[in-house]
Amino acid sequence: PHPAVIGLLLAWSYTLLMLFQAQFTGLVAAAIAIGIWGYLTKRDHLGGVVASLSLIKPALALVPLAVLCLLAIKDRRPGFVAGLAIGGGALFALSILLAGWWVPGWIDALGAYSAYAKVSWPIRDAWVAGPMAFASLAAVILAALIGLRRGEALDQVSASIPLGIILLPQTLIWELSILMVPLLLAWRGRGRAAALGMWVVGWLGLLPGGLR
């Protein structure tokens with residue numbers, strides 16, 4: 001999209017809140033975006049290595065990375081998968097050098113975090129809300145999976161990002177700023193209206209009572 005469009009969509013409620021809170025979601029979004037760019041421009045090793053940085057927030061990154069890897073395998077382009085493995089391995093090794101064997105403490109911290117932080121898992125929340133809500137969410141997931149199978153590579157990767165938010169537990173609303181990536185990818189033809197509509201919906205959420 002034109003730089004003015006990028007600037008407009010970056011000025012979104014979730015993105016600004018993420019910046020204000022100094023969260024890492026922006027790094028995750030940038031890593032995934034560069035990974036997509038690397039794959040589409042056949043810079044497979046570079047795309048895979050940079051995309052591995054998104055694993056600092058696995059719940060946001062796992063589904064789009066899995067889709068990118070499946071596309072790479074399907075297209076017989078192992079360079080992306082190799083780059084992702086190299087980058088992820090280097091990131092893990094560096095973390096151990098800096099912090100020691102942190103895995104048990106991290107698992108304990110996750111349990112403690114879930115006790116005081118609000119965790120949103122759309123599948124569970126829809127089930128609690130009632131049969132109609134759960135059926136509606138199931139229909140959305142099914143439509144997304146069908147779209148992933150039938151769509152072009154760009155559409156498949158784009159759809160995988162919101163699908164990951166639905167399928168995996170998430171915390172805190174500024175993580176929705178990762179939707180900037182599919183919104184920018186959708187800025188084509190009739191998709192522009194949908195992308196702009198989601199941008200407006202995000203701002204409407206700030207109206208009185210919206211964040212409750």
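In terms of heavy-atom proximity, Val67 sits nearest to Ser160 at CG2-CB, 3.6 Å. In plain terms, the two heavy atoms of Arg124 and Ser120 that are nearest each other are NH2-CA, 4.3 Å. Annotation for Trp101 and Pro104: closest pair NE1-CD, 3.3 Å, computed over non-hydrogen atoms. Nearest heavy-atom pair across Ala11 and Trp199 is O-NE1, 3.2 Å. The heavy-atom pair separating Ile73 from Val81 by the smallest distance is CG1-CG2, 4.3 Å. In this structure, Ile161 and Pro64 approach most closely via the heavy-atom pair CG1-CB, 3.9 Å.
Contact check for Pro162 versus Leu179: side-chain heavy atoms found under the 4.5 Å cut-off. With a 4.5 Å cut-off on side-chain heavy atoms, Leu68 and Leu84 do not count as touching. Using a 4.5 Å heavy-atom cutoff, the side chains of Leu40 and Val157 are not in contact. Counting heavy atoms from C-beta on, the side chains of Phe134 and Ile123 come closer than 4.5 Å. Side chains of Leu55 and Leu62 form a contact here, defined as non-hydrogen atoms less than 4.5 Å apart. A heavy-atom distance below 4.5 Å is found between the side chains of Leu145 and Leu163. A 4.5 Å side-chain heavy-atom check between Asp155 and Arg188 finds at least one atom pair inside the cut-off.
For the pair Ser54 (side chain) and Ala31 (backbone), a donor-acceptor distance under 3.5 Å is absent. Here the side chain of Trp37 pairs no donor or acceptor atom with the backbone of Arg43 at under 3.5 angstrom. Of the possible polar contacts, one joining the Trp121 side chain to the Leu167 backbone as a donor-acceptor pair under 3.5 Å is found. In terms of modelled atom types and a separation under 3.5 Å, the side chain of Ser158 and the main chain of Leu154 share no donor-acceptor contact. In this structure, Glu175 contributes its side chain and Thr25 its backbone to no donor-acceptor pair below 3.5 Å.
For the atom pair Ile34 CD1 and Leu53 CG, the distance stands at 8.5 Å (nearest 0.5 Å). The CG atom of Leu91 sits 13.5 Å away from atom CD1 of Ile86, with the distance rounded to the nearest 0.5 Å. To the nearest 0.5 Å, atoms CG (Leu196) and CE (Met198) are separated by 11.0 Å. Taking CG from Leu172 and OH from Tyr14, the interatomic distance works out to 12.5 Å, rounded to the nearest 0.5 Å. Atoms CG and CG, from Leu60 and Leu27 in turn, are 11.5 Å apart once rounded to the nearest 0.5 Å. The distance from the OH atom of Tyr39 to the CG atom of Leu46 is 15.0 Å, given to the nearest 0.5 Å.
Residues Phe24 and Trp174 keep their aromatic ring centres 6.0 Å or farther apart.
Between Lys42 and Asp75 there is no salt bridge, since none of the side-chain N atoms of the basic residue sits less than 4.0 Å from a carboxylate O of the acidic one.
Under the 4.5 Å side-chain heavy-atom criterion for ILVMFWY residues, no single connected hydrophobic cluster contains both Val119 and Val128. Ile146 is not connected to Ile166 by any chain of hydrophobic side-chain contacts under 4.5 Å among Ile, Leu, Val, Met, Phe, Trp and Tyr, and they are in different clusters. Both Val200 and Ile173 sit in one connected hydrophobic cluster of ILVMFWY residues. Membership requires side-chain heavy atoms under 4.5 Å apart, directly or through other members. Hydrophobic clustering (ILVMFWY, side-chain heavy atoms < 4.5 Å, transitive): Leu70 and Ile32 are in distinct clusters. Connection of Val49 to Leu71 is not established within any shared hydrophobic cluster, with ILVMFWY side chains joined at heavy-atom distances below 4.5 Å, either directly or through further cluster members.
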>> Applying side chain to side chain contact (heavy atoms under 4.5 Å, CB included) to Trp12 and Leu17, what does each step give before you reach the verdict?
In response: CA-CA 8 Å; Trp12 198 25; Leu17 182 61; over 6 Å; no

> When you look at Ile165 and Ile178, which way does the side chain to side chain contact (heavy atoms under 4.5 Å, CB included) test go after all the steps?
Replying inline: CA-CA 9 Å; Ile165 294 177; Ile178 198 174; 3.8 Å; yes

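The environment of Trp102 atom CH2 is dense: over 12 non-hydrogen atoms of other residues, nucleotides or ligands sit within 6.0 angstrom. Other residues, nucleotides and ligands contribute only 12 or fewer heavy atoms inside 6.0 Å of the CH2 atom of Trp106.
Applying side-chain contact (heavy atoms from CB on, under 4.5 Å) to Ile6 and the options Leu10, Leu9, Leu8 leaves one that passes, Leu10.
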